[in-house]
2 protein chains.
Amino acid sequence: MKKLSKNRVKKKGVNKFINKIICADSLKKLKEIPDDSIDLIFADPPYNLQLKNELWRPNQTKVDAVNDDWDKYDGFEHYDRFCKKWLKECQRILKETGTIWVIGSYHNIFRVGKIMQDVGLWTLNDVTWVKSNPMPNFMGTRFTNATETLIWAKKHENAKGYTFNYQLMKKFNKGKQMRSDWYISICNSKERIRDKEGKKVHSTQKPEKLLRYVILSSSKEGDIVLDPFAGTGTTGAVAKKYGRKWIMIDNEENYCKIMKERMNSIKDRVVWLEEHKLRF
Amino acid sequence: MKKLSKNRVKKKGVNKFINKIICADSLKKLKEIPDDSIDLIFADPPYNLQLKNELWRPNQTKVDAVNDDWDKYDGFEHYDRFCKKWLKECQRILKETGTIWVIGSYHNIFRVGKIMQDVGLWTLNDVTWVKSNPMPNFMGTRFTNATETLIWAKKHENAKGYTFNYQLMKKFNKGKQMRSDWYISICNSKERIRDKEGKKVHSTQKPEKLLRYVILSSSKEGDIVLDPFAGTGTTGAVAKKYGRKWIMIDNEENYCKIMKERMNSIKDRVVWLEEHKLRF
DNA sequence: GTGTAGTTTGAATCCTACG
DNA sequence: GCGTAGGATTCAAACTACA
């Protein structure tokens, strides 16, 4: 009886966030989400990247690099403390059967991965997003930076029953077991959201295919998918298309406005049903 | 005059280690190497991996997994302290123009990468070794673990003049700028060193092609290449073949014995000269 | 020698039930 | 809780056997 009651409260607690775009401080909002209530988290945290000089192409056109306001941190310590806080909250709100994905580049993913281990999240895979069309290294002083890293982890070492749609992912890989290297082009052309001046709205908008792999491999229909740094809402868009519930959190009003338009333009499960006929 | 003298001492200091296989505690020996004396370091540190259960194939044969004696650590803290120590020494002995490569899997690379940043090594690239023939995931509960990660870094943020043989690497990539994803099969067949019973001598022997990319991209002929966890000495073998000086350190007597045979069987620069005629 | 089928095996935090 | 034992699962490449 007590347990039932507690579960009802818990369920009610998370219900008010479901299918909402929440414009608020990510950490503050995560703290309001009940324990053990989320099936899947996808997080693309700020990159701790602050370019001292602007980057210019050889032809003197400016490269629109990552230098947004949300990307300022004093140093490693500040960043580590911040990551520990939001990762702990993510771990707390994950169901026992839930998993979390975090994406990053070499600027931040090592720190993030180390902290994930420290808080007790249990790595299932490190997945490499191999970009078919990365930005080349203009100076010829390094290798083309052609990858980003995703870490997929469960709530803790002994957590049982996480979702992995093995057979479905196999279908996506010509009938062979899906590997941890994913070949996906960067987000551009029609998918890329731009403002009226044609400027990119978000400096690191993720391609929908990446989120499709994430969401279809590790969640079920009806599951709750949460993104604490939602940006332009690719996670929510893909979640909605494939019949998942979603919670999108971002501190930037501009992103939230764009997300609202984007989410409203998507009809539930349309693409999922379409592809269902073809492949599922 | 004073500077000249200091340089002479420094040079003499490192000379006694050159082209030597040193069977000793890695950290202790690194401390004896002079400051600013090494051009290139390749490190494949122990993986902080300890297998709890044995794994059996579907056909009831046992998987010969990694469970060596050198791979026991009490936990993260112990491992972190150990890594900080050897990485600090590596940074100290690197020339201003020198660089370091560290390889690892998701079990350890996040901790190692975080510590590399903490001690002030400056990341140039994270390179993904994509394995053409990884061990599959037998249970179908995760993605095939198909990659390992290499981190390439210079001595500190403002270090100038590191070696990157851009044009040569371009040749290895069909005339296009070399990317940070490298497609290399795991070490097996003739290259794999086995004992009289046909058993693998080292559980994680690296393929020569991987070391070829590392050494040819980031060192010059005559440079000093050091490996603090040399194992069966693939780093030394490739260094010798391509006309680099080498210092191999490993604590295991068995490995050192095998390395001696291996290094003696290689004639200096033979392969390099051969390939020079063909490609360089 | 050549081609084909069968065998072997590689850095893995691979499951579940039971005592 | 934990440790242990039983049992279900896999892909690519090198190597072997044999026609």
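Each chain gets a letter, A, B and so on, in the order the sequences are listed, and its residues count up from 1.
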> Is any NZ, NE, NH1 or NH2 atom of the basic residue among A:Lys155 and A:Asp36 found under 4.0 Å from an Asp or Glu carboxylate oxygen of the other?
Replying inline: yes

> Do the ring centers of B:Trp129 and B:Tyr213 come within less than 6.0 Å of each other?
Replying inline: no

>> Under 4.0 Å, heavy atoms only, any strand: does A:Gln117 hit a base, just the sugar-phosphate, or nothing?
In response: base

> Can B:Trp101 and B:Ser218 be counted as having a side-chain donor-acceptor contact under 3.5 angstrom?
Replying inline: yes

> Roughly how many Å is it from NZ in B:Lys206 to P in C:dG10, rounded to a whole number?
Replying inline: 14 Å

>> Can you confirm whether the side chains of B:Arg262 and B:Thr234 place a donor and an acceptor under 3.5 Å from each other?
In response: yes

> So which nucleotide from C:dA11, D:dC11, D:dT9 ends up closest to the side chain of B:Thr204?
Replying inline: C:dA11

> Which atom pair, heavy atoms only, marks the closest approach of A:Pro45 to A:Phe229?
Replying inline: CA-CD1, 3.7 Å

>> Between P on D:dT10 and CZ on A:Arg179, what's the gap in Å once rounded to a whole number?
In response: 16 Å

>> Rounded to whole Å, please give me the gap between CE in A:Met169 and P in D:dC11.
In response: 14 Å

> What distance, rounded to whole Å, do you find between the two C1' atoms, one in D:dT16 and one in C:dG1?
Replying inline: 16 Å

>> Measure CZ/B:Phe143 against C1'/C:dC14 and give the value in whole Å, please.
In response: 14 Å

>> Given D:dT10, C:dA11, D:dA14, identify the nucleotide with an atom nearest to the side chain of B:Pro136.
In response: D:dT10

>> Measure NZ/B:Lys200 against C1'/D:dA14 and give the value in whole Å, please.
In response: 15 Å

>> With a 3.5 Å limit on both atom pairs, tell me what D:dG7 is paired to, counting Watson-Crick and G-U wobble, or say none.
In response: none

>> Please report the distance, rounded to the nearest Å, between CG in A:Asp181 and P in D:dA12.
In response: 11 Å

> Does B:Arg194 place a side-chain N or O at less than 4.0 Å from the phosphate oxygens OP1/OP2 of C:dT8?
Replying inline: no

> Does A:Arg111 make a cation-pi contact with A:Phe76 (under 6.0 Å, within 45 degrees of the axis)?
Replying inline: yes

>> Rounding to an integer number of angstrom, what distance separates D:dT10 and C:dT8 when you compare their C1' atoms?
In response: 13 Å

> Whole-Å distance between C:dA11 C1' and B:His202 NE2?
Replying inline: 10 Å

>> Please classify the nucleic acid contact of B:Asp44 as base, sugar-phosphate, or nothing, using heavy-atom distances under 4.0 Å.
In response: base

> Using a cut-off of 4.0 Å on non-hydrogen atoms, how would the nucleic acid contact of A:Thr123 be classed: base, sugar-phosphate, or nothing?
Replying inline: base

> How far, in whole Å, is D:dG6 from C:dC14 if one measures between their C1' atoms?
Replying inline: 16 Å

> Which of the following nucleotides, D:dC15, C:dC14, D:dA14, is nearest to the side chain of B:Lys190?
Replying inline: D:dC15

> Between A:Tyr166 and D:dT10, does any side-chain N or O lie under 4.0 Å from OP1 or OP2?
Replying inline: yes

>> Go nucleotide by nucleotide along DNA chain C from the 5' end; which of B:Arg192 and A:Gly161 gets its closest nucleotide reached first?
In response: B:Arg192

> Of the nucleotides C:dG10, C:dC14, C:dA12, which has the atom closest to the B:Asn145 side chain?
Replying inline: C:dA12

> So what does A:Phe164 touch, heavy atoms closer than 4.0 Å: a base, only the sugar-phosphate, or nothing?
Replying inline: nothing

> Who does C:dA11 pair with, Watson-Crick or G-U, both distances under 3.5 Å?
Replying inline: none

>> Closest approach to the side chain of B:Met135, judged atom by atom: which nucleotide of D:dA12, C:dA12, D:dT10 is it?
In response: C:dA12

>> Can you see if the side chain of B:Arg142 gets near the phosphate of D:dT9 - specifically, an N or O under 4.0 Å from OP1 or OP2?
In response: no

>> Both B:Asn137 and B:Pro134 contact DNA chain C. Which one's nearest nucleotide lies toward the 5' end?
In response: B:Pro134

> Under 6.0 Å between the ring centres of A:Tyr162 and A:Trp122?
Replying inline: no

> Nearest-Å distance, NZ (B:Lys131) to P (C:dT9)?
Replying inline: 18 Å

>> In whole Å, measure the gap between the P atoms of C:dT9 and D:dT9 for me.
In response: 22 Å

